[in-house]
Amino acid sequence: MSQGPILELRGINKSFGPVQVLHDVAFSAHAGEVTALVGDNGAGKSTLVKCVGGIHQIDSGEYFFEGRKVQVHGPRDAAELGVEIVYQDLALCDNLDIVQNMFLGRERRSGLVLDEAGMEEMAAKTLEGLSVRTVKSLRQHVSSLSGGQRQTVAIAKAVLWNSKVVILDEPTAALGVAQTAQVLELVRRLADNGLAVVLISHNMNDVFAVSDRIAALYLGRMAAQIKTSEVTHSQVVELITSGRSGELGLGNGNGATS
Amino acid sequence: MSQGPILELRGINKSFGPVQVLHDVAFSAHAGEVTALVGDNGAGKSTLVKCVGGIHQIDSGEYFFEGRKVQVHGPRDAAELGVEIVYQDLALCDNLDIVQNMFLGRERRSGLVLDEAGMEEMAAKTLEGLSVRTVKSLRQHVSSLSGGQRQTVAIAKAVLWNSKVVILDEPTAALGVAQTAQVLELVRRLADNGLAVVLISHNMNDVFAVSDRIAALYLGRMAAQIKTSEVTHSQVVELITSGRSGELGLGNGNGATS
Amino acid sequence: MTTETLPEQRASDSRAGVHLRNYFERVRGGELGALPAVFGLVVLCVIFSVLRPAFLSAINFANLFTQGAAVTVIAMGLVFVLLLGEIDLSAGFASGVCAAVLAVLLTLEGWPWYLAVLAAMLTGVLIGLALGSLVAKLGIPSFVVTLAAFLAFQGVVLLLVKNGTNISIQDGTILAIANNNVPPLLGWAGAIVGVAAYAVIQITQARRRTGRGLVADPMSVIGFRVAALAAVAGVAVYVLNLERSSNAAIVSLKGVPIVVPLIVLLLIIWTFVLRRTAYGRHIYAVGGNAEAARRAGINVDRIRISAFVICSFMASVGGIIAASRANSVDPNTGGSNVLLFAVGAAVIGGTSLFGGRGRALDAVLGGAVVAVIENGMGLMGYSAGVKFAVTGSVLLLAASVDALSRKRAATGGRR
Amino acid sequence: MTTETLPEQRASDSRAGVHLRNYFERVRGGELGALPAVFGLVVLCVIFSVLRPAFLSAINFANLFTQGAAVTVIAMGLVFVLLLGEIDLSAGFASGVCAAVLAVLLTLEGWPWYLAVLAAMLTGVLIGLALGSLVAKLGIPSFVVTLAAFLAFQGVVLLLVKNGTNISIQDGTILAIANNNVPPLLGWAGAIVGVAAYAVIQITQARRRTGRGLVADPMSVIGFRVAALAAVAGVAVYVLNLERSSNAAIVSLKGVPIVVPLIVLLLIIWTFVLRRTAYGRHIYAVGGNAEAARRAGINVDRIRISAFVICSFMASVGGIIAASRANSVDPNTGGSNVLLFAVGAAVIGGTSLFGGRGRALDAVLGGAVVAVIENGMGLMGYSAGVKFAVTGSVLLLAASVDALSRKRAATGGRR
Amino acid sequence: GGESGDTSAQSTDAASAAPAKAGKVGVILPDSKSSARWETADRKYLEEAFKAAGVEYDIQNAQGDKTQFQTIADQMITDGATVLMIVNLDSGTGKAVLDKAQSQGVATIDYDRLTLGGSASYYVSFDNTKVGTLQGEGLVKCLTDKKADKPIVAELNGSPTDNNATLFKNGYDGVLQPKYDSGEYVKGPDQSVPEWDNTQAGTIFEQMLTQEPKIAGVLAANDGLGNAAIAVLKKQKLNGKVPVTGQDATVQGLQNILAGDQCMTVYKAIKKEADAAAQLAVALAKGEKPAASGSVKDTESGRDVPSVLLDPQAIFFDSVKDVVADGFVSKEELCTGEFAAKCTEAGIG
Ligand SMILES: Nc1ncnc2c1ncn2[C@@H]1O[C@H](COP(=O)(O)OP(=O)(O)OP(=O)(O)O)[C@@H](O)[C@H]1O
Ligand SMILES: Nc1ncnc2c1ncn2[C@@H]1O[C@H](COP(=O)(O)OP(=O)(O)OP(=O)(O)O)[C@@H](O)[C@H]1O
Ligand SMILES: [Mg+2]
Ligand SMILES: [Mg+2]
């Protein structure tokens, strides 16, 4: 590897009661690169991301950030490290409006008072960049938004901040054609600006279009983590559906990284 | 048209408070055909579907079913007509398990008592057909399911019943490669069995793969309703993003149907 | 193991070892069911028995049941309303109104007991219909509707019992409900029949499931459950059949108090309704996600109304028990802390105030906690102020035992 | 119109006509804000004035404020807890405990009034800290924690005031809170300053927004709002400055009761906290979706604890007002229906019990409804039973006016 | 507090302000649950007396809630009452109400309960400590009749938040404490019943009996509490063997006495009390300054309050007929069903 990974996980295990969801998973993300995390439904992608974000406590395993071993006990810890995540279950507050949601937990103030005008302005600018055209007002409650609009708000919320790692869990699932293109472009732009970006997606075209590396999860195990340029479409699909593809993937032993 | 549409809407208007979301929309779905409903984020697709399903009351307009004019005041009315819908915001009860959700409102009984074993068996069979492999137990609460698993449950719930019209609002958004293929196959199979299927999707490949007709919504107006075979990929994208494409689409007047 | 696919898994796993291991894993994973409430109950009982040996006497054991019966029954009804995420503040005074109707008809009007009981229950049903309709049809928050009813019923009781007099109840049948006991032999017979029926139902169910190739509880686990039930029932009946009269020469006092089979019966009925009928399923659905239930074609309004009807009906039963126990009805019947204790019982048992989670058993377990506290505190002989303060602390103690055991077991992700 | 894209729309629409049209559309669309509660209030006032002309007298108007003050203040604190979807059943008796602390220190220990008030408020804060920590850190449902506290505090009050006696308060400053009036001129001055400040804030805000190119309320609308506020404040101060003593020769009774500026001040402070500070935003976020708030890095436990602290603190203020009004503290202070009326006030005002929706103003509006009902019923001269029954019905009436107007306006889709 | 002379001067002022007709009397009763008397007896007798005198009146009940108590007082003054007669819930609120009324020139009467430190012009009452004394003496009599040897006495007190309950307790403890001290009686469990709640009283007494099964006498503070104790005793067939006291001479209590389950109750001739108070109120309303038969010293302010004091009466099996004769309860409601024979035995009718 040219450069040490900014985020690195080793030997992560995670169970919910009797069900073990992640088995000894290793994962890394490098600055300036887009790492695609792929896997079948229920493979454990979202669970892995939630472990990174501190939503779930890991049962065992090591968490390295910029080479240092860290303990992440909650979302605040992750945010302090500079990890920003768009979760699959968007986690917006339905009773707040778009601006309020976008700045939640990191409100801009002047003195004690919230700087509403400033926040509204910034929110409008960010959303414009994501080509949302049908939102009537930024002061609309998010409960009244369409599926794609909600997703756009969640994405906009994550990219507002100066972070080092951005993780997007199926960000384009509900987006239209134009919006999807915008988001993919944004992903590439973030990576080019030196951030480490992790993109979860079921769409192989998108994955191949923007990613530098691909990590494939199979039934809670890391089947392979490889350079995008070194694999083909069908190899990745095979990794996703059966956990192995020729040389690559889970052998008799456990997951192998390139 | 070869045969009268089984479901037909004319001049539908729908507002939420000061915001008018649907403008004089016409829409029809034919037995034995897959009608794709496309449109940008926030175009009003989900709202239209909810009007069909009786979730929202329409402000004005006519609703024909099998040629008869009908009044749909709630989800029960729609279900009685034989309209089955997978909503975008899946609407599952988090505190119930998979089987309970799938049979909600239409439980099988023997006498007074619920026929749990029978329902579990049927649910297992249906889910198998959708190639879900990672669900540990059918008695798991849906709150613990992954995004794709939830979506699969919602789809399975809708296709369990003998209905005449099946509407799927972005059913494959969260699904993996294999599962998406299964669902598209299912959609085709349903149509071939003589049902009218309406598929909402942002994925043009999927739309062109299975649909017979395409209806494009643009900012709450029906831009065009056309045969799939008569248009190209890029024409549809143009209709979605700008409401018109050459001859097709919104002119000076209002929406034109083929 | 965990990577098994669905079809593979279905018929496997039927060995008791795996089952037990899974059970413990589930307990460690936070699915505690009734355990914490039972644990809290045991802690309380141990404390009280150490402080006051009289707590462990046979007579006190019997007292516990009659003292807690009314609150438990009202709590059982409240579970239905709470399951929907609603609340019924008027349940206490609704029981008072029904008790007053009973007393007026029985004592002042001279009706036979069965007609008076029927009228009282009918009153309960009508109250529930009215409350439920206001909540479901007009969309007024249930807190406000039942707060209004709470005030109004207080007035109705006063008017019924003619502004504050006590109406004595002389009817033997009504008095028997809370004061008499089942003959010892009948008690044994009931316990045996009950356990046997439970065993038969469990076994046939498991058979039917294995017959269809579905995962079923292994026989050893069923055997364990049946044995546990038999032990509990046996000990309870045995203790309750001991002589507990302080002057046995004059009056013999033994047998299971009549309220016990009554509560068991209600528990079975409502558990059946909630777990085995479509109606019960719909209650959970509406409580979990009313919009999803509506979309599934469930008549949400009807479910709401029916839950209030059941709640007020159970309140009427609770009122009848209270009237029987007090030998009279007065304007305080169903008043003071009855409502808060009933809701508290349901919540302590594990029912959520947000809807969607709860069981009829919760009311019984929580009702037992409340009854044990009241009973134990009665033996301590504190002054009023100290008694209130200590009762509150003990209630908190019981709840923390529950909360801590849940928390210890819960995994990071969910609360 | 509605197809405008975001950038186009931003600076347009600033004409009053459009604004008003939008306002009415919004009202028809179900965003009613304070309208239904105000409407219910008006209906009640009309009914009572027709039945009892004395209801409209100046003295009654003044009475209304002092009568409703304690419940309103407690309700304002409860709004914070309710916004989180929690409940505080102990707020009533917490106010009792604080009042008792005040009375003991003031009358028995002879402390100066400011120290005693400080101690009472500190007691409130400590109570809130304890309750909040139990709820947030141990995860016991707030209903159970505060039910336990409800019982315990009842005992604590009894112990503090020595079993059933009562402690008189002689201190002039404390007595003044609920019994004296602001000098008429000062009342006018206060009203004028308040309205002017409101106008200035509104105008600068609008200026700042238009300066940034954002949509702002047009000046005409702001003018209308300021005029409305001025009218309400003017009429209120005018009426309250009328002589209302029935023998003015001996004692003159005029001016705005001191509790009025007190409540207005608290209303402004809490409205500011909820609407203009990050802390307030976080309260709404936790109430709307605690998990989303947690993921946004908000310290949910701290928010929970702080809400209970605010609630108990406001309860202490309510207790001080109640003590002042009663000239004494006894074991019933904060008891009987205080808690239910306070929660009811918040809910009637529009606060949701499920969290995420509510305002400080709700407590004031709902408190006014409750006060008007109690006040009006006091003029009717019913016997105890009838009074309870009628009070309940009137409460229901006020709530239905509210519910029906909301229902009429609501569109099909949402509830 | 001001002197009484001052008060009456003001009330004449008020009367002269409205010379056309006599003033209006407002009465605030304390609650409807601690005792049946307020709504069933006091209200009735007061109404009768005011009607007879042709004076306007307004009688309300504070439901045990002192906030409401003050609200009602405010409302009555708003409504033009010139005489205010209160049964205070506690001296503090009572004093607040009386002071406010006085400042508005409204004449005041303390009815049944003296407001310590208050400014009432008159006080009409039974002596509550005396009631307790009668209860104590009654229990002693019954225990003596039963020839009990070192009996264990349980005390079931009234609401801990009710000051009258404290007065009753002072009364009966004044009789019983010496007997405990001398070892003649044994002090058993002693608990208060919140809000005089009969249901809770049942549980409390049941637990007393569990803890101390040999209880031989019960001092219950009123008939409702007594009945709750009797219901528990009945289960063990101890009713009639363990004497129980009461208060208020309710139908239920009297029936329990006839049945032999209760040993005594205390009858307060409420009609007499009500009539005496009404007489004063009517006089005040007409602008007169009536004279009182005696006076009571306010222990807090040291003021001598002009008073009319009436004597409570202990009722045993033989004297039940006195209550009927007084018209407090009717023979019809008392002698129903099985009690008919007992009534005859007790010489009623
Ligand atoms: N809280 C939970 N309790 C129990 N099981 C859970 C929980 N959360 C997730 N699981 C299980 O863990 C597995 C992995 O879930 P996860 O959400 O990580 O999948 P995913 O890879 O994101 O899938 P998708 O592509 O469908 O989003 C699933 O089988 C799911 O049922
Ligand atoms: N309840 C509501 N109140 C107000 N506005 C609403 C409501 N529901 C939807 N809208 C608005 O109506 C418009 C259409 O929403 P709809 O959900 O129908 O879009 P859609 O075509 O399904 O978009 P997507 O592809 O993102 O799912 C959106 O602008 C949305 O903000
Ligand atoms: Mg996922
Ligand atoms: Mg949609």
Side-chain angles (χ1 to χ4, degrees), chain C residues 85 87 89-90 134 138-145 147-164 290-291 331 337 340-341 343-344 347-348 352-354 382-400 402-404 406-407 410 415, chain D residues 85 87 89-90 134 138-145 147-164 290-291 331 337 340-341 343-344 347-348 352-354 382-400 402-404 406-407 410 415:
Chain C
I87 194 156
L89 296 177
S90 70
L134 286 168
L138 288 195
I140 315 175
S142 57
F143 190 95
V144 177
V145 170
L147 174 58
F150 166 88
L151 295 170
F153 293 167
Q154 220 166 330
V156 172
V157 182
L158 271 173
L159 292 175
L160 280 174
V161 302
K162 303 269 153 39
N163 290 315
E291 179 60 19
N337 292 338
L340 285 182
F341 278 160
V343 179
V347 174
I348 291 170
S352 160
L353 284 174
F354 298 98
Y382 289 133
S383 80
V386 177
K387 188 171 165 183
F388 270 124
V390 177
T391 306
S393 320
V394 171
L395 184 61
L396 197 59
L397 175 80
S400 345
D402 180 310
L404 284 177
R406 272 182 215 280
K407 207 178 171 89
R415 295 222 166 190
Chain D
I87 194 157
L89 297 177
S90 70
L134 285 168
L138 288 195
I140 314 175
S142 57
F143 190 95
V144 177
V145 170
L147 174 58
F150 166 87
L151 295 170
F153 293 166
Q154 219 166 330
V156 172
V157 183
L158 267 174
L159 293 176
L160 281 174
V161 302
K162 307 264 155 43
N163 287 317
E291 179 59 20
N337 291 336
L340 285 181
F341 278 159
V343 179
V347 174
I348 290 169
S352 161
L353 284 174
F354 297 99
Y382 290 131
S383 78
V386 176
K387 187 169 167 185
F388 267 126
V390 177
T391 306
S393 319
V394 171
L395 184 60
L396 196 59
L397 175 80
S400 342
D402 180 311
L404 284 178
R406 270 180 216 282
K407 208 179 171 87
R415 295 219 167 193

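Keep in mind it's a predicted model, so treat the numbers as computed, not measured. Letters go in sequence order (proteins before strands), and every chain restarts at 1.
In this structure, no portion of D:V390 lies under 4.5 Å from any heavy atom of chain C. If you measure heavy-atom distances from D:F150 to chain C, the contacts under 4.5 Å come from the side chain alone. Only the side chain of D:L134 comes within less than 4.5 Å of a heavy atom of chain C; its backbone N, CA, C and O stay farther away. Heavy atoms closer than 4.5 Å to chain D are found in the side chain of C:L89, but not in its backbone.
Here the rule is side-chain contact (heavy atoms from CB on, under 4.5 Å) with C:F388, and of D:V157, D:V156, D:L158 only D:L158 fits it.
Scanning both residues, D:A399 and C:V144, for their nearest heavy atoms gives CB-CG1, 3.4 Å. Across D:S400 and C:L138, no two heavy atoms sit closer than the pair CB-CD1, 4.1 Å.
The candidate from D:L340, D:V347, D:V394, D:L353 with the greatest count of non-hydrogen atom pairs under 4.5 Å with chain C is D:L340. Taking chain D as the reference chain and counting heavy-atom pairs below 4.5 Å, the highest number among C:P141, C:G85, C:S393 is found for C:G85.
Between D:I348 and C:L147 the shortest side-chain heavy-atom distance does not fall below 4.5 Å.
Residue C:I87 holds its CD1 atom at 6.5 Å from CD1 of D:I87, rounded to the nearest 0.5 Å. Atom CD of D:Q154 and atom OG1 of C:T391 lie 9.5 Å apart (nearest 0.5 Å).
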